[in-house]
Number of protein chains: 2
Amino acid sequence: MSGPSGAERKPRADALRNRELLIEAAKAGFAETGPDVTLEEIARRASVGIGTLYRHFPTRDAIVEAVYRRELQQLAEAATRLQASLPAAEALRQWMGVFVDYIATKKIIASALGSIVGGASELYAASGVLINGAMSELVQGAVGAGEIRPDADPADLLRALVGFTYGATGPGWQASALRLIDILMDGLRPQVQRRG
Amino acid sequence: MSGPSGAERKPRADALRNRELLIEAAKAGFAETGPDVTLEEIARRASVGIGTLYRHFPTRDAIVEAVYRRELQQLAEAATRLQASLPAAEALRQWMGVFVDYIATKKIIASALGSIVGGASELYAASGVLINGAMSELVQGAVGAGEIRPDADPADLLRALVGFTYGATGPGWQASALRLIDILMDGLRPQVQRRG
DNA sequence: TTATATACGGAGGGTTCCTCCGTTTAGCAA
DNA sequence: TTGCTAAACGGAGGAACCCTCCGTATATAA
């Protein structure tokens, strides 16, 4: 399935089509039913057999990753746009707000997000690179501009940001997350002879 | 099982004993095997039948809550002690550090912690009161002493703190959480005519 | 058109959760 | 101490979900 290289054939059209149906079905299933939607339900929504689902995605995590890699691509692109149009620290702040809005809108599964950011799993490496890279760019820009403290670690901040979205089910979580971003940004201001 | 009130009998000694065995077995099972330890395994460890486990704890969440209510009691008590011996903002900082250490040592299950703090579920109401109460006391003390900004919301800070422990499996998560607490505390300092 | 590799669907088995019912046992009253 | 009965027990069996394997279908290349 990696393209025609020598003796290999290109994937059949029906397989490509079914894979796409499964990703769309999974995306809808997670959004409507939640993280515990059964794989049988996803297969049913895609009008394919359960064996087909497993053939394309050997584990539940595999289909989760496929669904969210696309979503996270858009977040990474937002970072680039914000950086091009705003002062560095303000771009960082705005991006974090976009992140929170995005999580709220797309209802990304908490455990998947943790794995994507944690980076311990090979499966989520591609998604992890996108989102970790975006945060790194933003932080480096703000540090370079002298707008946030130089000891700010992008990985720390991404963990915090993901943590602010954690439990994204309560009624006021979004407003709470945005308030926390404000406090965090205040804490990131360059220190003026505080504690050495 | 709520004590002798009128015609009701007090619980039998064997039931009380088995309930205790189940809680201890669950605690050990979560710590050794992780959040996915089977209920059959917990029953086996406690040397009781699976029906007995269900009789005492109708759902997995019920036994999780019972295990962790005790753990969280100790965290709540730590807040009281720290408040009695340290300046207000320093007590808050230290308590958050103790919280992180506690999560690391006891390996509290992330989803349970989220539910305890979120407060949406009746099941976790007792545990939630403990931990939300502790944070409220600490924040009120620090606000009253003029050591942190008056708009600091205890529920926000608790969400942040829990979020910092999220994904508490990576190699450097603990140090990262402690760094984030530092940044958060910096952000909580009373504002000096910054943004109005 | 033919041959063959790719891809399919779903039956069946494994695991875990959960209930129900026959049996046991603890506690209370006489 | 004895008898009664409600509380509590254990585990068999069924449901739900995950996962694999194999007979069949189908897309693609020659």
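Lettering follows sequence order; numbering is per chain, from 1. Since we're looking at a predicted model, the values are computed, not measured.
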Quiz prompt | Qualifying residues under salt bridge (Lys or Arg N to Asp or Glu O under 4.0 Å), relative to Glu20(B), sequence neighbours excluded | solution =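 Partners of Glu20(B) by the salt bridge (Lys or Arg N to Asp or Glu O under 4.0 Å) criterion, ordered by chain and then number, come out as Arg70(B).
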Quiz prompt | Residues which pass side-chain contact (heavy atoms from CB on, under 4.5 Å) with Tyr54(A), listed by chain and number, not counting sequence neighbours | solution =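 Tyr54(A) satisfies side-chain contact (heavy atoms from CB on, under 4.5 Å) with Leu39(A), Ile50(A) only.
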Practice problem: Quick one: list whatever passes side-chain contact (heavy atoms from CB on, under 4.5 Å) with Pro87(A), sequence neighbours left out. | Solution: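 Per chain and number, Pro87(A) pairs via side-chain contact (heavy atoms from CB on, under 4.5 Å) with Glu90(A), Glu147(A).
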Exercise. Could you list all the side chain to side chain donor-acceptor pair (under 3.5 Å) pairs where at least one residue sits in residues 33-46 of chain B, not counting sequence neighbours?
Key: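 Every pair satisfying side chain to side chain donor-acceptor pair (under 3.5 Å) with a residue in residues 33-46 of chain B: Glu32(B)-Arg45(B), Glu41(B)-Arg44(B), Glu41(B)-Arg45(B).
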Nearest whole Å is fine: how far is [N] [atom2] from [X] [atom1]?
| X | N | atom1 | atom2 | result |
| --- | --- | --- | --- | --- |
| Leu22(A) | dG9(C) | CG | C1' | 13 Å |
| Leu16(B) | dT25(C) | CG | C1' | 15 Å |
| Arg19(B) | dC9(D) | CZ | P | 11 Å |
| Asn18(B) | dA26(C) | CG | P | 10 Å |

Quiz item: Taking OP1 and OP2 of dA7(C), is either one under 4.0 Å from a side-chain nitrogen or oxygen of His56(A)?
Solution: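 So the side chain of His56(A) is outside the cut-off, no N or O lying under 4.0 Å from OP1 or OP2 of dA7(C).
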Listed pairs under 3.5 Å, donor-acceptor, residues 95-103 of chain B side chains, sequence neighbours left out:
residue	atom	partner	partner atom	Å
Trp95(B)	NE1	Leu75(B)	O	2.9
Asp101(B)	OD1	Gln174(B)	NE2	3.1
Tyr102(B)	OH	Glu71(B)	O	3.1
Tyr102(B)	OH	Glu71(B)	OE1	3.1

Practice problem: Measure the acute angle between the ring planes of Tyr68(B) and Phe30(B), then classify it against the limits of 30° and 60° as parallel, tilted or perpendicular. | Solution: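 Because their plane-to-plane angle is under 30°, the rings of Tyr68(B) and Phe30(B) count as parallel.
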Practice problem: At under 4.0 Å between heavy atoms, which parts of nucleotides 17-30 of chain D does protein reach? Answer with one letter per nucleotide, 5' to 3': B base, S sugar-phosphate only, - none. | Solution: SBBB-----BSBS-
